[in-house]
Amino acid sequence: MREQYSEVGLREADVADDPIVQFRRWFDEWLAAKPYDANAFIVATTDADGWPSARAVLLKGLDERGFVFHTNRHSAKGLDLEASGRAALCFLWHPVERQVRVVGTVEHLPDDESDAYFASRPRGAQIAASASPQSQVIADRAELERLTAETEGRFASDEMVPRPSHWGGYLVRPHTVEFWQGRRSRLHDRLRYRRQDSPFGATWLIERLAP
């Protein structure tokens, strides 16, 4: 597969006009390879002092608006996102020599969509999301287990666990999306979509970058 993708390359004539459409093509091919945690990617943010931070999350939605993931909005990444309204995403699919980088603006996913996703999660994950003061310093593991037990005790076994107000989805609306395809001799292909806004709507400019 490695040699196959190195020979195919990435040509302007073959890609979609819209980066979301192109991403879905590549993502479907990646899913077909059946990798572990196929929807994992890195989200990078900066804090109020300009310090960068990056961590792995899971892609939980993709449509014409952009990319969706969920998290605790009081966590370190949540606070960064609330303050800056911007993020960078990186999808690395090494077995097929592909990478996708996204830079965009960030906003809250509508509450009904966050509610629907939270309701679909396993009960244990719902309890954990409600109990954990994510990114805050805690004394030890016992404190986390105590908080979890207290939270679980507030709900009957057949009672629905509501989505905490501090937990929900983020929608990343892309400004640029770069598709990287590995090639021989490190002469890789890089095509970047750059959003062009006008009174008549948004279009995408496709540019080739040197590797």
Side-chain angles (χ1 to χ4, degrees), residues 18-20 22-24 26-27 30 35-94 98-118 120-121 125-138 143-144 147 163-180 190-197 202 204-205 207 209:
D18 188 296
I20 298 296
Q22 182 62 33
F23 181 90
R24 192 177 295 280
W26 270 23
F27 191 57
W30 175 236
Y36 178 74
D37 271 353
N39 58 335
F41 68 100
I42 300 298
V43 58
T45 59
T46 54
D47 66 15
D49 294 321
W51 288 102
S53 185
R55 73 291 284 167
V57 299
L58 298 177
L59 181 68
K60 290 299 182 179
L62 174 70
D63 58 29
E64 69 281 356
R65 298 171 300 175
F67 304 81
V68 171
F69 65 95
H70 297 260
T71 192
N72 185 320
R73 291 174 178 155
H74 293 170
S75 66
K77 63 179 171 295
L79 295 177
D80 288 353
L81 293 169
E82 295 295 317
S84 73
R86 297 177 178 179
L89 318 179
C90 183
F91 299 81
L92 177 60
W93 304 325
H94 193 266
R98 285 177 173 175
Q99 177 179 257
V100 182
R101 298 171 58 225
V102 179
V103 175
T105 57
V106 182
E107 61 193 60
H108 287 186
L109 197 67
D111 284 345
D112 60 336
E113 295 182 44
S114 290
D115 289 340
Y117 173 70
F118 189 82
S120 74
R121 303 185 86 203
Q126 294 174 338
I127 295 293
S130 299
S132 174
Q134 188 175 347
S135 299
Q136 296 182 28
V137 176
I138 56 176
E143 181 180 354
L144 182 61
L147 291 170
R163 177 178 65 89
S165 60
H166 61 267
W167 193 98
Y170 284 102
L171 170 65
V172 180
R173 294 186 183 270
H175 176 70
T176 63
V177 184
E178 180 191 323
F179 294 84
W180 179 98
R190 297 174 62 190
L191 294 184
R192 180 180 64 189
Y193 291 72
R194 188 154 53 88
R195 185 182 175 97
Q196 307 285 289
D197 292 311
W204 292 94
L205 174 67
E207 303 168 309
L209 305 179

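Numbers for residues simply follow the sequence, beginning at 1. Keep in mind that this is a model prediction, so the values were computed, not measured. Side chains included, hydrogens not; waters and symmetry mates left out as well; all remaining heavy atoms used.
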* Would you find more than 12 non-hydrogen atoms of other residues, nucleotides or ligands less than 6.0 Å from R101 atom CZ? -> no

Please tabulate, for side-chain N and O atoms in residues 130-138, each donor-acceptor pair with protein atoms closer than 3.5 Å (sequence neighbours left out).
| residue | atom | partner | partner atom | Å |
| --- | --- | --- | --- | --- |
| S130 | OG | Q126 | O | 3.1 |
| S135 | OG | A76 | N | 3.0 |

* Indicate yes or no: at least one non-hydrogen side-chain atom of N39 is less than 4.5 angstrom from one of F27. => yes

* Name all residues meeting the side-chain hydrogen bond (donor to acceptor under 3.5 Å, both in side chains) criterion together with T71; count only those two or more places apart in sequence or in a different chain, and write none if there are none. => K77

* To do: Report the residues that fulfil side-chain contact (heavy atoms from CB on, under 4.5 Å) with A128, sequence neighbours left out, ordered by chain and then residue number.
  => none

* Could you give the distance from CG (L62) to CZ (F67), rounded to the nearest 0.5 Å? -> 5.5 Å

* Check side-chain contact (heavy atoms from CB on, under 4.5 Å) between A116 and all other residues, then give those that pass, not counting sequence neighbours. => none

* **Partners passing side-chain hydrogen bond (donor to acceptor under 3.5 Å, both in side chains) against D115 (at least two apart in sequence or in another chain)** => R163

* Any side-chain heavy-atom pair from F179 and P19 closer than 4.5 angstrom? -> yes

* Structure fact -> Correct closest heavy-atom pair for P174 and I20 would be CG-CD1, 4.3 Å

* Asked: Any side-chain heavy atom of F69 within less than 4.5 Å of one from K60?
  -> no

* Non-hydrogen side-chain atoms of L79 and D47 separated by less than 4.5 Å -> no

* Asked: Looking at side-chain heavy atoms only, is the closest gap between E64 and D18 below 4.5 Å?
  -> no

* Step by step, would you call W180 with L209 a side-chain contact (heavy atoms from CB on, under 4.5 Å)? -> CA-CA 10 Å; W180 179 98; L209 305 179; over 6 Å; no

* Not counting sequence neighbours, which residues clear side-chain contact (heavy atoms from CB on, under 4.5 Å) with V106? List them please. => L81, A87, Y170, V172

* What closest approach, in Å, do F118 and A129 show between heavy atoms, and which atom pair accounts for it? -> CE1-CB, 3.9 Å

* With sequence neighbours excluded, residues passing ring-ring contact (aromatic ring centres under 6.0 Å, His included) with W204 -> none

* To do: Return the set of residues passing side-chain hydrogen bond (donor to acceptor under 3.5 Å, both in side chains) with D63 (not counting sequence neighbours), or none when no residue passes.
  => R65

* **CZ/R86: more than 12 non-hydrogen atoms of other groups inside 6.0 Å** => no

* To do: Report yes if the side chains of F23 and V177 come closer than 4.5 Å at any heavy-atom pair, otherwise no.
  => no

* Grab the two heavy atoms, one from C90 and one from Q99, that are nearest each other, plus how far apart they are. => SG-OE1, 3.6 Å

* Output all residues satisfying side-chain hydrogen bond (donor to acceptor under 3.5 Å, both in side chains) with Y193, sequence neighbours left out; order by chain, then residue number. => none

* Using a 4.5 Å cut-off on heavy atoms from C-beta on, say whether the side chain of T176 contacts that of E178. => no

* Asked: With sequence neighbours left out, what residues match Q196 under side-chain contact (heavy atoms from CB on, under 4.5 Å)?
  -> R194, T203, L205

* Asked: Are R73 and H108 side-chain neighbours, meaning at least one heavy-atom pair lies under 4.5 Å?
  -> yes

* Over-ring placement of R98 relative to W30, 6.0 Å and 45° cut-offs -> no

* Structure fact -> Residues D197 and A202: closest non-hydrogen pair is OD1-CB, 3.5 Å

* salt bridge (charged side-chain N to carboxylate O under 4.0 Å, His left out) partners of residues 164-177, not counting sequence neighbours, each pair once -> E107-R173

* Please collect all ring-ring contact (aromatic ring centres under 6.0 Å, His included) contacts where either partner lies in residues 36-57, sequence neighbours excluded, each pair once. => F41-F91

